[in-house]
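These numbers come from a predicted model, not from an experiment. These numbers come from the heavy atoms of this one structure, side chains and all, not from hydrogens, waters or symmetry mates.
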Amino acid sequence: MNYLGVGISPGNVPVYHGTNLKVIDRRVRVAELVLRCLICGLSVLAAVLIGTDAQVKEIFTIRKKARFTDMKALVFLVVTNGVAATYSFIQVVRCVVGMVRGSVLVNKPLACAIFTGDQAMAYLNVAAVGAAVQSAVFAKLGQTELQWMKICNMYGKFCNQVGEGVAIAVLVSVCTVVLSCISAFSLFRLCGKNKAKGSSGW
């Protein structure tokens, strides 16, 4: 038996189930909000750093301008960060509204949709960062077997700014992976609650 959310364990030790669950729920929601804000802000910063990067180099009276559009992996990374920032902003609004109203505002279909979206963002960001890092390594070190030049020897400023953007994008991808784990935890916990309610109805 229990009174006011206080359960009695077999050893007659009080266990505050209701209080503990509320504390865990609050911490999970705060962690989710912080991560989504980080992803939104860092994604915008990474996209701006890479998207606005350019450097002009004069080679034998020929002016050559390096842009992020010259590397398809960087274009993919900029687009991915833009999508991640937009998606995260929408989710931040949802989290803030839920906290203001004092309700989670999540049912099982919505939790499944959020989980799917977070998983997609995680996979997309990891793939984009992987492609960008590989291209950056080739630009920095070159590939003698294929006679690829070390582009960064000529476009040092361009490479440095791209490197900063890629480093931030790596941090974004880590945040999306952690966030997808939190979404999975929330979904499974919600399914567990529904299962418990169904069994108690019997």
Is [Y] reachable from [X] through a run of I, L, V, M, F, W or Y residues, each pair having side-chain heavy atoms under 4.5 Å apart?
X: Leu77; Y: Val75; result: yes
X: Ile182; Y: Leu171; result: yes
X: Val178; Y: Val172; result: yes
X: Leu74; Y: Val44; result: no

Measuring only between side-chain heavy atoms, which start at C-beta, is [X] closer than 4.5 Å to [Y]?
X: Ile114; Y: Gln91; result: yes
X: Gln161; Y: Thr52; result: yes
X: Val162; Y: Phe68; result: no

Measure from the side-chain N and O atoms of Asn81 to the backbone N and O of Val78, and report whether any donor-acceptor pair falls under 3.5 Å.
no

Is a donor on one side and an acceptor on the other found under 3.5 Å between the side chain of Tyr87 and the backbone of Cys40?
no

More than 12 heavy atoms of other groups within 6.0 Å of Phe89 CZ:
no

Would one find more than 12 heavy atoms of other residues, nucleotides or ligands at under 6.0 Å from atom NZ of Lys157?
yes

Can you give the donor-acceptor pairs under 3.5 Å from side chains of residues 119-132 to other protein atoms, not counting sequence neighbours?
unit_1	atom_1	unit_2	atom_2	d
Asn125	ND2	Met121	O	2.8

Qualifying residue for side chain to side chain contact (heavy atoms under 4.5 Å, CB included) with Thr176, from Asp118, Ile39, Leu38:
Ile39

With the threshold set at 4.0 Å, does a side-chain nitrogen-carboxylate oxygen contact exist between Arg27 and Glu32?
no

